[in-house]
Structures are given as C-alpha cells and as structure tokens.
Amino acid sequence: MAELPKAYAPREVEDRWYEFWESHGLFRATANSSKTPYTIVIPPPNITGVLTMGHVLNNTIQDILIRWKRMQGYEACWIPGTDHAGIATQNVVEKALLQEGTNRHQLGREEFITRVWEWKEEYGSTIIKQLRKLGASCDWERERFTMDEGLSNAVKEVFVRLFDKGLIYRGKYIVNWCPHHRTALSDDEVDYTEMQGNLWHIRYPIEGSKNVAVVATTRPETMLGDTAIAVNPHDERYKSLIGKTAVLPLVGRKLPIIADELVDMAFGTGMVKVTPAHDPNDFLMGQRHNLQQVNIFDEEGRLNESVPKQYEGLDRFECRKRIVKDLDAQGFLVKVEPHQHSVGRCYRCNTIIEPYLSDQWFVKMKPLATPALRVVHEGIVRFHPDRWVKVYEHWMTNIRDWCISRQIWWGHRIPVYYTTGGNYTAARSEDDARTKLGVGPDMPLRQDEDVLDTWFSSWLWPFSTLGWPEDTNDLRFFNPTNTLVTGPDIIFFWVARMIMANMEFMKGFPRADGRPRTKSKDLVPFRDVYFTSIIRDAQGRKMSKSLGNSPDPLDVINEYGADALRFTIAYLSPLGQDVLFSTEKCELGRNFANKLWNAGRFLLMNKAELLSKVSDQDKRSTRESLGQETFGRRGLEKNLDLENLPEEHLDLADRWILSRLNHAIRAFNDALTNFRINESTKILYDFVWHDFCDWYAEFVKTRFYGDEPSEVKRVVVQRALWVYDRALRLLHPHMPFVTEELWQHLSERNGASLMRAEFPTVDERWFDEKTEREMAFVQNVINAVRNIRGENNILPSSEVRVHVRPAAQHRALVFEEYAQYLKRLARVEQVDFISPTWVPKLAASAVVNGAEIFVPLEGIIDVSAERRRLEKEITRLEQLVESIEKKLGNPQFVERAPKEVVQKEREKEENVKTSLEKLRRNLEQLSY
RNA sequence: GGGCGAUUAGCUCAGUUGGUUCAGAGCGUACGCUUCACACGCGUAAGGUCGUAGGUUCGAAUCCUACAUCGCCCACCA
C-alpha cells in the first residue's frame with residue numbers, strides 16, 4: 001500500500017473515481033428489480049446553459065439524496081436531460097448568425113432549424129459534462145432531451161388529446177408581445193421593472209358640449225387606437241357625459257363615452273381612454289361594450305396603415321414623441337406629470353413588451369388545476385418548506401388559461417393542420433389530420449406556423465422521459481417519482497404544471513403491479529418537492545453574469561475539490577433561506593476533507609505498524625501474543641477485516657464512540673428524511689471532527705502507544721478502522737470522491753465500490769447513556785486541566801502533576817481507569833489522590849461534578865493569574881446560585897412546574913453550592 | 001393593496017415540541033504551541049440584556065399581538 005500524501009489532493013482522485021463508477025455501471029438503475037424504486041428527475045438545464053452555483057446547490061442535493069437511497073438498498077434512479085429552451089436557444093443561434101452577416105429569415109425555416117441542431121450537438125452538452133465534475137451520479141444511459149423523438153411524440157400526443165377534449169382552443173387575445181422576438185410571451189415570461197415615466201393629460205372635445213374630456217395616459221401613442229372614453233358609473237362628476245360622443249384628436253374618430261366599473265375614480269382625472277387592441281383592461285371593456293378594436297401596430301412595434309399617414313411606419317417610441325408634440329401644438333395637451341410606474345419587459349431580451357391583439361393557442365387550465373390543487377392541499381404532494389403550499393394554492397385557485405403558442409421557429413411545431421377552406425384539427429400526423437378532417441390526398445394541408453411554449457414539453461418530464469405514451473416497464477416502475485429538487489421561482493412555470501400533466505395523462509395507466517392507476521398517490525409525478533435556496537454573493541446580491549459576482553464552479557472545484565464545494569454549499573443552505581456564498585467559504589469543506597483524510601492516514605499508519613511487527617515476529621516464528629488464529633501478515637490482514645465489529649477489550653472510549661456513532665446515524669437519517677440538508681452536514685462534521693478526531697483518535701493513541709498486549713492493540717486499531725469505515729459510508733453521499741479514495745485504502749475491496757456499500761443502520765444495542773455521562777465527566781476533567789494550563793501559560797511541552805479528590809459519589813476507580821487518558825490529553829505526568837481534607841498550597845484548582853482537581857503551580861507561575869481565574873469562576877457560580885434561589889424561592893414555580901423540573905433545580909442548587917464552597921476555600925488557600 | 005420570510009457574538013449562521021450549568025458553531029480576533037494523522041492543524045481566551053414594545057406562562061431566543069428595518073412573491077398601475 002502506497003503511503004498517503006500528507007494533504008488530500010482532490011485533483012488526482014476525482015476523475016479517476018468518476019470514470020470507475022461510470023465504466024462499472026454503478027449509476028445504472030433497472031426497472032422491476034427486487035428493490036423499491038427511488039427516483040428523481042433532474043430539472044433539465046437549458047442547452048444554452050453553463051453550470052452555475054445555483055446548479056451546484058440543486059444537483060448536490062439531488063446527488064446526496066440519490067446516493068443515500070442507493071446505499072440504503074433502493075433502486076435509485078436519477079434521470080438526467082436537457083431542455084431545448086425555445087427562445088433562449090433561438091437567441092443564441094441568431095446572435096451567431098448575425099456575426100456571420102446573415103439572419104434566420106435569409107436562411108429560411110428549415111435551414112435555420114438545421115443550424116440550431118448543429119449548435120446543440122456542439123455546445124448543448126456542456127452543462128451535462130460539468131455535472132460529472134461535480135460527481136453527479138445520474139444514470140446517463142437515460143439522458144433525454146425535450147426535443148428528442150420520444151419526447152416530441154409525447155408532446156404531440158398530449159396536444160392532440162387536449163385538443164380532442166376541448167381543452168385547447170384558439171382565440172384572439174391580448175397577449176404580451178415582444179416586438180424584438182416577434183412572439184407572444186406568457187404572463188410569467190414578463191419581468192416588471194419600475195420606471196420613471198410621464199402621465200400625459202390630453203383633452204378630448206365632446207360633441208355638442210362646451211365640456212371636454214381630459215384623460216391621463218402613460219402611452220399617448222395608443223390614442224390612435226382609441227375607440228371609447230370610459231368613466232366610472234358612480235362618478236357624480238361625469239354622470240351627465242355618459243352616452244355622449246367625444247372626438248379623438250389628430251384622428252377625428254367619434255368615441256362613445258361609456259360607463260364601466262373598471263375605472264378608478266381616484267386615478268388621474270377619473271376618465272380613461274379605451275384602447276381595446278392594446279391594453280388588457282381596455283380589451284375587457286371592449287368586449288363588454290362591443291367596441292371596435294383598432295390595431296395600430298405591426299409585429300415589430302411600428303405603426304401600421306390604420307393610423308393617419310404622418311405616423312405610419314414610425315417606431316412606437318418615435319411616434320410617442322410626435323404625438324405629444326402634435327397634441328401640444330394643437331392645444332390638446334393639458335399637462336405632463338412625472339409618473340413612476342412599472343413596465344413589462346421580455347425576460348430574455350429586456351425589450352418593453354407591448355400588449356397586442358393576435359391569434360394564439362390556449363390551454364383551459366381550470367379542469368386540470370382542480371385535482372392538482374387537491375393533492376397538494378391533502379399533502380399527497382408535500383412541499384419543503386411547506387409555506388410554498390399557500391403560494392401554490394393562491395395561484396392555482398386564480399389560474400388563467402395558458403397561452404402556449406410562440407411565434408418562433410425553434411421548438412415543437414404546433415400539430416394543427418388547416419385546409420384551404422379554413423377547417424382545422426390537431427393530429428398526430430398529416431395522414432391522421434386528413435382522416436379527422438375527412439379530406440382526401442388532393443387537399444393541400446397547411447401546418448400551423450407557431451411552435452409551443454418550451455414548458456409544454458417540460459411539464460411532461462416525469463413521464464415522457466420514461467417512455468410515455470408507450471407502456472414501458474420503466475414508466476410503470478419509476479413513475480411516480482419520489483423527490484423533485486428545484487427553485488421556488490419555477491413553482492408555476494413547471495412544478496404546478498407537472499402535477500397537472502401527470503395526473504391527467506397517467507390516469508388509467510398501469511402501475512408496477514399491472515393494475516390501472518386511479519388513486520391520487522399513483523397519479524402525482526412526485527411525492528416531495530424540495531425548494532432550494534437562492535444563492536447570493538457575500539453582500540447578499542443575486543448571482544448574475546452582469547454583476548460578475550458568480551464564481552465559475554469549475555474553478556472552485558479546481559481550487560478546492562468537488563467534495564469541498566459540495567459539502568460547503570450543503571452546509572450553508574438551510575431549508576428555505578437564501579445562501580450567502582463566496583469562494584473562500586469552501587475552506588470549510590476543504591479543511592474538513594483534509595481532516596477526514598488525515599484521520600484515515602493516522603489509522604492506516606497504525607495498521608502498517610502492526611503489520612510490520614508481525615513480520616518481525618514471523619521471522620522468529622513465534623505466536624507471541626497475537627492471538628490464536630493470527631499467523632503472519634496474511635492472517636493479520638484477514639483479521640483486520642472491516643465487516644465485523646470486534647467486541648472484545650471494549651473500554652469506555654469504545655463504548656462511547658459506538659454510542660456517538662449510532663446517535664449520528666439516527667440523527668443523520670432523520671435530518672435527510674426531513675430535508676434538513678444543512679443539519680445533516682453538521683451532524684457529520686461534528687461526529688468526525690469533534691467526537692472521532694478530537695477525542696476518540698486520542699484515546700486510541702493512549703492504548704496503541706501504551707503498554708497493552710499486541711492482541712489488544714490489534715483489536716483497538718481494527719475497531720477504530722471499523723468505526724472509521726462507517727463514518728466514510730455516512731459521508732459518502734456528501735463527499736463521494738474523498739470517501740471512496742479512503743475507503744479503498746482501508747482494505748482490499750476487490751472491485752467493490754463504496755457507492756454500493758451498505759449504508760450504516762442504527763444498532764440500538766450501542767446507545768449508552770451511562771457511558772456518555774461518564775465520558776462527559778472525563779472530558780470535563782481534561783478540559784479543566786487544559787483550562788488551568790492555558791490560563792496559566794504553561795507550555796504545552798511541560799508536563800504537570802495533578803492531585804485529585806473524587807467527590808463522595810465517585811468511584812476512585814474511575815480516575816484510575818482514565819488516568820492514562822488524562823495524562824495524554826492534558827499532558828499530565830502523574831495523577832495522585834489526596835485525602836479528604838488536605839488542600840495543597842499554591843495550586844490551581846477546579847471543581848468538576850464535585851471532584852476537586854489541583855495543579856501545583858509552585859515554581860511555574862505567579863499566583864495572581866490563578867486568583868483571577870478562580871474569582872471569575874466563583875462569580876459565575878454565584879450568579880447561577882442566585883438565579884436558582886430566585887426560582888426556588890418562587891412558590892408559584894415550586895407549585896406549578898413539573899416535579900422533575902423542580903427536583904432537578906434543587907439538585908443543581910446543591911451541586912453548585914458545594915462547588916462554590918470548595919472553590920472559595922481553594923482561593924483562600926491560594927492567598928496564603 | 002394582499003401574502004410570505006428574516007432580525008441571535010465583529011461576519012455568516014445553528015438553536016427541532018417553552019425547562020439539562022442554554023445562550024451555541026464556523027470564520028475572524030488575542031495568546032501559546034512545528035506534542036510521534038492533520039499549521040487545511042492543536043490548546044486556551046475575549047465577545048451577545050437573542051430587532052423594539054407589550055402580552056401569555058411558575059418559566060420565553062422559542063408561543064401571541066403590535067411596531068421597526070431588510071428581503072421575496074402575487075395583484076394593480078389609464
């Protein structure tokens with residue numbers, strides 16, 4: 001066995017093990033195994049994406065869960081894949097085309113699509129490769145893409161089914177229009193930003209009246225599309241005007257003055273211009289009052305032919321200036337007020353969106369939402385943290401129809417076919433469409449030009465990736481999946497819609513046992529949804545490209561190691577809170593990996609030393625004290641097997657670490673079961689660092705370097721290795737690389753991997769309260785001596801003597817048993833017992849659980865430092881006594897608090913008082 | 001306008017049902033250590049009236065109410 005380097009070097013380890021795992025098929029999951037399935041579908045990253053810290057967090061959590069369950073014996077399946085990301089991808093490729101001096105219109109649709117596919121082949125798997133660096137144990141043979149053949153079929157199938165059911169319809173609606181992309185956007189794809197704008201007050205003459213109507217608007221150019229003026233029906237100021245006719249300045253169109261509840265009397269003048277083609281509210285009023293809809297823009301936001309000649313062809317913002325100027329010149333402009341309002345922008349290109357009237361496809365959401373609302377309400381799908389349930393319920397009960405058509409080229413083309421006569425239907429193929437439309441092969445059919453919203457393929461992800469609409473074993477076995485890990489920002493885009501889709505389309509589909517699915521728990525796409533934190537920088541700002549505050553995870557991995565990054569990010573992310581991340585924080589994970597590494601190195605050195613001794617003895621051909629069955633190196637190797645915990649020669653430290661280990665296992669499983677990821681990391685950190693390294697390893701040293709027989713030493717090392725082996729297993733989901741590397745060094749594994757080793761289970765036998773109490777006492781004694789040493793500036797290299805006076809309840813034996821520990825851990829050369837009355841002079845002292853400890857200071861230090869230390873401790877205890885006496889002096893407390901609490905308080909009082917007396921006496925002695 | 005979250009040591013945060021010598025950890029700081037795994041380390045220490053004001057209770061960092069500050073989500077914004 002090669003000797004381990006002094007510090008853990010992740011770069012030399014990580015890729016090697018990842019290749020090992022992958023080439024040995026350890027990520028693979030199979031349907032219909034005898035195991036219980038545990039499935040996670042990855043939130044498919046965009047093919048345009050590169051790995052961000054957000055992905056790191058998200059995928060680390062998924063990997064922790066999947067590795068944990070895999071080791072626990074589940075058929076753990078993590079399905080990876082990517083999303084075609086319609087608008088985003090089209091953007092990227094169009095930019096590339098611009099560089100080449102061409103554009104998509106010159107190329108034509110077919111050629112453009114070819115170019116996007118080429119781009120996808122070259123760059124589309126960047127993020128997938130990066131996930132491997134992180135250690136993600138996805139089943140790569142299952143990798144899917146939202147536009148691959150199978151998923152495209154699923155999309156078509158879903159569209160046709162919804163269409164045939166009457167849940168997909170086509171209609172003229174006001175949509176959010178991006179003039180740059182020339183496409184409609186769903187409400188969720190619009191970002192609102194506060195902007196300083198103006199409120200222009202415009203005067204509209206009224207026919208047959210000297211009165212005028214003054215309206216206020218933030219978008220004066222839209223007046224060209226006005227077809228009415230509206231006031232609130234309860235507005236006394238304007239009641240007389242209702243039914244009259246106003247004249248539209250600059251255009252001359254006659255506008256009826258109507259009354260509608262939508263008008264807010266308090267805003268502006270209380271009179272509103274109505275532009276049904278260019279404002280969502282006006283559109284509604286237009287429908288109620290049968291108003292004309294005048295569309296004044298073209299697809300790029302320029303004024304079209306329906307406006308007066310002088311404005312035609314102008315850009316919308318250019319036109320705004322002209323209109324304001326002209327109104328002013330002709331005396332129609334009353335005033336201009338600065339006005340702060342929020343403006344919708346395209347989430348991709350930041351262009352100000354224009355409410356625009358156009359033909360679009362919609363999904364009726366209400367029927368789909370009802371069951372999906374119920375399963376979350378009833379807890380069949382659970383959210384973590386559960387406060388998102390409220391947000392979900394609010395959105396789902398007020399759900400609006402989903403605009404699914406996009407006027408771009410990259411995406412799933414809408415499977416609707418039109419005859420020349422204007423009949424149409426949705427169909428799986430053109431032939432299918434002819435049948436449904438009842439037309440022969442002579443009739444030319446035209447397919448709809450639009451493509452579907454990207455989310456129309458991703459909402460099918462939990463079942464389309466498993467083969468739907470085909471009836472596959474995979475689909476029967478792995479759906480419903482178990483846990484979804486995603487950001488709360490896509491709860492509506494994605495999470496809600498997946499619940500709706502899975503429930504709708506998996507209805508009646510066979511379960512693993514072949515029976516049709518009817519119950520909610522078989523129909524939901526997943527049972528638990530974990531909403532991850534948002535990663536921010538150290539100043540609390542969102543990570544973003546433009547701020548340049550987002551570290552490249554690959555750089556971080558290169559510098560600190562993947563395990564360090566994984567552990568740190570998991571450590572920092574409490575459920576439901578934001579994470580403030582900075583690269584330097586990875587020192588936490590790196591240091592911890594190194595600590596773990598060195599603990600292993602230490603044990604392996606002990607093991608090697610044992611082995612070398614055996615070799616010596618071999619030469620002498622003796623069986624000396626190595627145990628009956630151990631002859632030579634091979635025998636010892638075999639005897640150091642880590643499968644079975646050796647239970648002979650157990651001392652306090654052994655019983656203690658086994659108790660701690662089992663507590664850690666239980667707490668760890670508990671934490672992960674409840675999605676308290678950061679708590680799970682703290683449990684591991686504390687167990688490994690503070691229990692195992694700080695204490696147990698030191699206890700092992702006392703026995704290993706002490707004068708125990710070889711046989712005992714062997715057992716001590718073997719047991720320590722066994723405990724360490726369990727720690728590696730516990731840590732593997734969080735830190736797969738370093739644990740695998742170490743685990744392989746512990747013993748000959750013959751091709752086995754820690755990835756598939758059994759996860760530790762709790763063994764109740766080892767829970768041992770008494771041992772933990774006794775060990776706490778030993779630790780306190782050691783701490784007390786260390787404290788005296790530290791406060792009195794005693795050099796670590798110089799050993800001290802210690803006098804001990806056990807309290808009445810202590811067995812003196814306890815001290816004799818643990819004297820060796822005290823000697824090593826507090827650097828004490830000799831421990832001796834003193835009579836009940838003798839108080840050493842010039843000695844530092846402490847009282848631990850009633851036992852008195854004296855460290856003679858003669859010749860070592862001045863007394864004043866020790867006096868200060870004692871006085872401080874005395875003050876602390878005095879305050880404690882005071883608060884206890886106050887409590888016990890309160891008759892209400894004694895009467896009403898539970899008896900145990902009162903009893904404990906009394907005991908505490910007594911103990912503290914005795915300690916105080918002793919300390920005071922010791923202080924007095926010191927003063928002589 | 002409606003809803004949600006946060007506020008604990010200089011910084012970043014734990015603290016699960018109210019009660020164990022409960023006010024904790026990591027980082028940072030100070031002091032001392034190259035002690036036979038680890039200086040990416042070891043030991044010791046300093047540092048907080050748990051945002052404010054009330055309330056419930058024998059007892060509140062923890063439960064309730066109001067307020068303040070910061071942040072997020074939804075709706076509206078002519």
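Side chains included, hydrogens not; waters and symmetry mates left out as well; all remaining heavy atoms used. Below, read A as the first sequence line, B as the second, and so on, with proteins coming before strands; counting in each chain starts at 1.
- Under the Watson-Crick and G-U wobble criteria, each requiring two contacts below 3.5 Å, nucleotide B/G71 is paired to B/C4.
- Nearest nucleotide to the A/Asn591 side chain, out of B/G32, B/C76, B/G41: B/G41.
- Between A/Arg601 and B/A37 there is no side-chain polar atom (N or O) within less than 4.0 angstrom of OP1 or OP2.
- Phosphate contact (OP1/OP2 of B/A37, side-chain N/O of A/Tyr705, threshold under 4.0 Å): present.
- In this structure B/U65 sits in a base pair with B/A53, meeting the Watson-Crick or G-U test at under 3.5 Å.
- At the phosphate of B/C38, neither OP1 nor OP2 sits under 4.0 Å from any side-chain N or O atom of A/Lys595.
- Applying the 4.0 Å criterion to OP1 and OP2 of B/C31, one finds that A/Asn793 has every side-chain N and O outside that range.
- Residues A/Phe692 and A/Arg590 both approach RNA chain B. Their nearest nucleotides, taken by heavy-atom distance, put A/Phe692 toward the 5′ side.
- Dashed line: the shortest gap from a side-chain N or O of A/Lys701 to OP1 or OP2 of B/U35 is not under 4.0 Å.
- If you find the closest nucleotide of RNA chain B to A/Tyr685 and to A/Asp694, the one lying nearer the 5' end belongs to A/Tyr685.
- Separation of the P atoms belonging to B/C64 and B/G18 is 11 Å when rounded to the nearest angstrom.
- A cation-pi contact links A/Lys701 to A/Phe602, judged by a cut-off of 6.0 Å to the six-membered ring centre and 45° from its axis.
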For A/Glu882 and A/Lys886, what are the C-alpha separation, side-chain angles and deciding distance, and is it a salt bridge (Lys or Arg N to Asp or Glu O under 4.0 Å)? CA-CA 6 Å; A/Glu882 201 180 322; A/Lys886 196 173 153 196; over 6 Å; no
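- When distances run from any side-chain atom of A/Phe492 to the nucleotides B/C74, B/U44, B/C58, the shortest one goes to B/C74.
- The same atom, P, is picked in B/G2 and in B/U8; the two are 27 Å apart, to the nearest Å.
- Side chain of A/Tyr571, nearest nucleotide from B/C38, B/C4, B/G26: B/G26.
- For A/Asn598, no side-chain nitrogen or oxygen approaches OP1 or OP2 of B/C40 to under 4.0 Å.
- The residues A/Arg868 and A/Glu871 are annotated as not salt-bridged, no charged nitrogen and carboxylate oxygen being separated by less than 4.0 angstrom.
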Please tabulate, for side-chain N and O atoms in residues 889-901 of chain A, each donor-acceptor pair with protein atoms closer than 3.5 Å (sequence neighbours left out).
residue: A/Asn890; atom: OD1; partner: A/Gln892; partner atom: N; Å: 2.9
residue: A/Gln892; atom: OE1; partner: A/Arg896; partner atom: NH1; Å: 3.4

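- Candidate nucleotides B/C74, B/U44, B/A37 were compared by shortest atom distance to the side chain of A/Cys693, and B/A37 ranks first.
- For an aromatic pair to be called close, the ring centres must be under 6.0 Å apart, and A/Tyr685 with A/Trp689 satisfies this.
- Closest to the A/Lys682 side chain, of the nucleotides B/A14, B/A45, B/A37, is B/A14.
- The phosphate of B/C42 (OP1 or OP2) has a side-chain N or O of A/Trp689 nearer than 4.0 angstrom.
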